[in-house]
2 protein chains.
Amino acid sequence: MGIQKQPCPNTKTRIMDTAEQLFALKGFQCTSIKRLACAARVNQAAVNYHFGSKAALIEKIIDRRLRPINRQRIERLEAVQQAAARQGCRPRTEDVLHAFIEPTFALTEIIQTEKYFLSIAGRVFSEPDDAIRSILILHFKPSFLLLFKLMKAALSGLPEAVLLWRLHFVIGALAHCMYMCGTRLAVPDFFPLPDNADTMVKLLISFATNTMNAPYYRENENMLGFDSLEY
Amino acid sequence: MGIQKQPCPNTKTRIMDTAEQLFALKGFQCTSIKRLACAARVNQAAVNYHFGSKAALIEKIIDRRLRPINRQRIERLEAVQQAAARQGCRPRTEDVLHAFIEPTFALTEIIQTEKYFLSIAGRVFSEPDDAIRSILILHFKPSFLLLFKLMKAALSGLPEAVLLWRLHFVIGALAHCMYMCGTRLAVPDFFPLPDNADTMVKLLISFATNTMNAPYYRENENMLGFDSLEY
DNA sequence: GTCTATAGATTGATAGAC
DNA sequence: GTCTATCAATCTATAGAC
């Protein structure tokens with residue numbers, strides 16, 4: 001599990017790129033400043049000099065990748081929303097999911113180390129550290145809310161409770177794919193996987209569309225015991 | 001996020017139950033022996049006296065819950081397999097998924113603290129600590145391999161590559177649901193959720209069935225660039 | 001089995017020379 | 001900006017009295 005050596009950027013960038021890999025592979029707690037500095041071939045004091053603290057470094061690393069991803073998500077979701085409004089019809093499920101999912105993996109082809117970050121972001125819900133989870137959620141929340149809104153418009157006939165569960169299934173699958181993509185599609189413990197992110201994204205979008213558009217039978221409704229669904 | 005107080009079992013059990021909650025809520029690294037002993041109302045030295053080391057405690061906690069879950073999975077999958085063999089037909093997708101998914105949440109109604117453990121197990125793929133992830137995977141692997149085998153039998157017409165991706169989507173959704181169930185269905189950061197595990201399991205199984213049984217169009221095959229699919 | 005006290009290692013962060 | 005040296009806090013684990 002060798003760390004990818006960077007060519008020779010400046011110290012600050014080298015720290016961030018190396019930290020991104022180590023945090024993704026080993027987690028935040030297991031990555032000490034000492035080991036990070038050693039892997040990045042910088043002095044140990046340089047980390048605190050450039051970023052102030054370990055927490056600030058983590059926040060900076062998350063912000064660097066997550067901000068453009070969610071900005072692009074929102075732009076594309078709003079485009080879908082406006083196109084549907086112009087035509088006076090509901091947005092199509094597939095278009096909404098495409099606008100939401102694709103930006104997640106858009107940069108992986110260009111930036112080599114960005115895909116490591118997807119492992120960090122894929123832990124958004126199950127991240128044990130409260131502070132880090134809060135940072136991740138703060139970034140994700142606006143695009144998630146917009147996704148929810150457009151999906152309700154696209155599937156206005158579906159009971160909101162069913163829509164919410166299906167969204168959670170899709171989000172779980174998406175998070176898992178992000179994690180796998182981040183570790184170079186190498187989760188060989190159970191099943192082999194093709195080393196092809198493009199294929200994954202296409203199948204993921206069609207999977208999500210199929211899940212959200214699945215028929216719903218009213219007779220099952222009596223088994224849905226929902227407490228509060230106001231949003 | 002108060003820790004649930006146990007009635008008054010013996011020291012060893014009280015340590016395990018409290019550790020299960022803290023590990024699920026805060027993670028392994030963030031839970032020190034000191035804090036664990038304090039929360040369990042036992043002496044700090046008692047943890048090492050009863051379990052030898054922190055790593056051994058973690059292994060014991062995982063083993064306690066995961067062994068019966070995976071034993072039940074395998075028993076029920078084998079029952080599905082044998083029933084299909086007797087009738088000379090392929091196993092039904094829904095039966096296979098039901099046998100695999102349901103045991104995951106079977107004990108949550110009975111044992112109060114068991115659902116906390118689902119948060120730990122839900123991190124099986126994205127767990128940062130290598131040692132812990134290895135322990136989790138070692139437990140899960142046999143039932144996952146049997147699931148894979150039976151899904152191939154149930155969907156023999158489907159290209160293996162497509163089947164693998166769909167399995168990963170289902171597994172991602174399952175892991176997410178395990179995590180949510182473990183934190184008492186409280187992931188209110190994005191979407192509200194009903195506090196009803198039974199509903200979740202039913203919808204999860206029908207979701208998984210719908211995903212695996214989805215039609216597949218041959219013309220898409222050229223976009224699948226798989227390297228090695230031997231197993 | 002339970003307790004106090006502490007060893008021994010590692011952590012994040014900083015002071016100060018260059 | 002980079003380095004060495006070090007502080008103070010925290011961690012796991014253990015020794016030994018009761």
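Labels below follow one simple rule: chain letters A, B, ... track the order of the sequence lines, proteins then strands, and each chain is numbered from 1.
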### d(CZ, A:R41; P, D:dC3) in whole Å
12 Å

Sort me out a list of protein N/O and nucleotides 14-18 of chain C N/O pairs below 3.5 Å, or just none if empty.
none

### Task
Give me the ring orientation class for A:F125 and B:H176: parallel if the planes are under 30° apart, tilted from 30 to 60°, perpendicular past 60°.
tilted

### Query
According to a strict under-4.0 Å criterion, is A:T11 in side-chain N/O contact with OP1 or OP2 of D:dG1?
no

### Message
Whether the side chain of B:N70 engages the backbone of B:H139 through a donor-acceptor N/O pair (distance < 3.5 Å, no angle test) should be reported.
### Response
yes

### Message
In this structure, is the centre-to-centre distance between the rings of B:F23 and B:F117 below 6.0 Å?
### Response
no

### Query
Where do A:C30 and B:Q29 come nearest, in terms of heavy atoms and distance?
SG-NE2, 3.1 Å

### Query
For residues 29-38 of chain A, which residues have at least one heavy atom under 4.0 Å from DNA chain D?
none

### Task
Take the protein atom CG of B:N43 and the nucleotide atom C1' of C:dT2, then report the distance between them rounded to whole Å.
6 Å

## Note on the structure
note: A:F51, atom CZ; D:dG1, atom P; distance rounded to Å ~ 11 Å

### Message
Both conditions, 6.0 Å and 45 degrees, for the charged tip of A:K12 above the ring of A:Y49: are they met here?
### Response
no

### Task
Without swapping roles, check the side chain of B:R123 against the backbone of B:A24 for a donor-acceptor pair under 3.5 Å.
yes

### Note: A:K60-A:D63 ion pair, threshold 4.0 Å (strictly below)
no

### Query
Would you say the side-chain atoms of A:K152 pair up with the backbone N or O of A:L163, donor to acceptor, closer than 3.5 Å?
no

